[in-house]
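Taking it in order: structure first as C-alpha cells, then the write-up.
In this text, all values refer to a predicted model and were calculated from it rather than measured experimentally.
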Amino acid sequence: MTLDVLDSGKPARIVAVDWAGLAEDEGKRLKALGVDEGAEIAVVHRGVFGGRDPLALSLGNMTIAIRRIHARAIEVEAA
C-alpha cells in the first residue's frame, strides 16, 4: 500500500520509493529527511479543511509534513 492510504497512528516500514515519479529536488529533500527504504514511519495527522493535505509524519524523532502526491510515491508495509 502507499503512504497516502495508511491509517493514522499505524506504524509502517518503507519498502520502496518511486524516485522517478518525484521531481529531483523533491526527492533530494525527502532523502535528506530520512525518507528511504527501511525507515519506520507513521501518519500522525492529516490536513484540515476537508482536504487531506499535507500529511504530518512521524519519522524517527522528527515530525515532517509532506504533500499527499509525494506520499503516493512511497510504498509501505505494516510494521
Side-chain angles (χ1 to χ4, degrees):
M1 88 181 90
T2 56
L3 184 57
D4 65 313
V5 297
L6 181 67
D7 291 334
S8 294
K10 301 237 175 157
R13 180 173 298 107
I14 298 174
V15 293
V17 180
D18 179 14
W19 299 115
L22 299 169
E24 183 180 349
D25 60 328
E26 294 167 342
K28 284 181 182 179
R29 182 180 80 88
L30 291 176
K31 280 186 180 183
L33 291 170
V35 176
D36 211 349
E37 287 85 0
E40 303 248 343
I41 197 164
V43 176
V44 180
H45 183 73
R46 296 186 187 275
V48 295
F49 305 119
R52 292 171 58 90
D53 237 359
L55 300 176
L57 307 173
S58 171
L59 179 65
N61 24 342
M62 296 184 300
T63 300
I64 63 171
I66 67 171
R67 295 175 50 203
R68 190 177 178 113
I69 194 164
H70 298 140
R72 283 190 200 120
I74 301 170
E75 188 77 26
V76 296
E77 67 181 6

For Lys31, check salt bridge (Lys or Arg N to Asp or Glu O under 4.0 Å) against everything at least two apart and list the hits.
none
What are the two closest heavy atoms between Pro11 and Ala42, and how far apart are they?
CA-CB, 4.2 Å
Between Ala39 and Gly34, which heavy-atom pair has the shortest distance, and what is it?
CB-O, 3.6 Å
Ser8 side, atom OG; Arg46 side, atom CZ - distance, nearest 0.5 Å:
4.5 Å
Please go through Met1's hydrophobic cluster and name the other residues, only I, L, V, M, F, W, Y counting, with side-chain heavy atoms under 4.5 Å joining them.
Leu3, Val5, Leu6, Ile14, Val17, Trp19, Leu22, Leu30, Leu33, Val35, Ile41, Val43, Leu55, Leu57, Leu59, Met62, Ile64, Ile66, Ile74, Val76
List in chain and number order the residues that pass side chain to side chain donor-acceptor pair (under 3.5 Å) with Glu26, two or more places apart in sequence or in another chain; answer none if no residue qualifies.
His70
Please confirm whether the backbone N or O of Lys10 pairs with a side-chain atom of Asp7, one donor and one acceptor, at under 3.5 Å?
no
Look up atom CG in Asp4 and atom CZ in Arg68, then write down how far apart they are to the nearest 0.5 Å.
5.0 Å
Identify, with sequence neighbours excluded, every residue that meets salt bridge (Lys or Arg N to Asp or Glu O under 4.0 Å) alongside Glu40.
Arg13
For Glu75, side chain to side chain contact (heavy atoms under 4.5 Å, CB included) partners two or more places apart
Thr2, Val15, Ala16
